[in-house]
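One structure is given here, and the rest of the page talks about it.
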Amino acid sequence: DLLGSFNLNILDKIPVSFHCGCSRERVEKALLSVGKEELDDIIENDKKAVLHCHFCNTDYEFDEDYLKKLRNTVK
């Protein structure tokens, strides 16, 4: 339909699917990558962090205690 009158012959159809590779561990690594100062700011001002995957629409929530544990693992 998209190509109109190009007289295409469809030889094969392959099902398409999408898979999101996000996980809590990957999101934690992204959160750790912001560094100590930014984590301290999040802990002090927001008391939690919610990271949203725009691909699969999953929210990953980290409460204040968990953020403090993460903060202590940053070198």
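Any value given below was found using the heavy atoms of this structure, including those in side chains, with hydrogens, waters and symmetry copies removed.
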Which pairs count as ring-ring contact (aromatic ring centres under 6.0 Å, His included) when at least one residue sits in residues 21-44, sequence neighbours excluded? none
Mind checking the [atom1]-[atom2] spacing from [X] to [Y]? Nearest 0.5 Å is all I need.
X     : Y     : atom1 : atom2 : result
Leu67 : Leu39 : CG    : CG    : 6.5 Å
Lys48 : Ile43 : NZ    : CD1   : 14.5 Å
Arg24 : Phe62 : CZ    : CZ    : 4.0 Å

If the condition is side-chain hydrogen bond (donor to acceptor under 3.5 Å, both in side chains), which residues does Asn57 pass it with, not counting sequence neighbours? His52
My understanding is that only residues two or more places apart in sequence, or in another chain, count here; which of them pass side-chain hydrogen bond (donor to acceptor under 3.5 Å, both in side chains) with Asp65? none
Who else is in Phe55's hydrophobic cluster (ILVMFWY, side-chain heavy atoms under 4.5 Å, direct or via others)? Val16, Phe18
Residues clustering with Val50 (ILVMFWY side chains joined when closer than 4.5 Å, directly or via others): none
Minimal heavy-atom distance between Cys22 and Tyr60, with the atoms involved, is SG-OH, 2.9 Å
Taking atom NZ of Lys47 as the centre, does the number of heavy atoms from other residues, nucleotides or ligands within less than 6.0 Å exceed 12? yes
Can you name the residues that form a salt bridge (Lys or Arg N to Asp or Glu O under 4.0 Å) with Asp46, not counting sequence neighbours? none
Quick one: list whatever passes salt bridge (Lys or Arg N to Asp or Glu O under 4.0 Å) with Lys68, sequence neighbours left out. Glu64
Do any pairs count as a side-chain hydrogen bond (donor to acceptor under 3.5 Å, both in side chains) and have a residue in residues 26-36, sequence neighbours left out, and if so which ones? Glu28-Tyr66
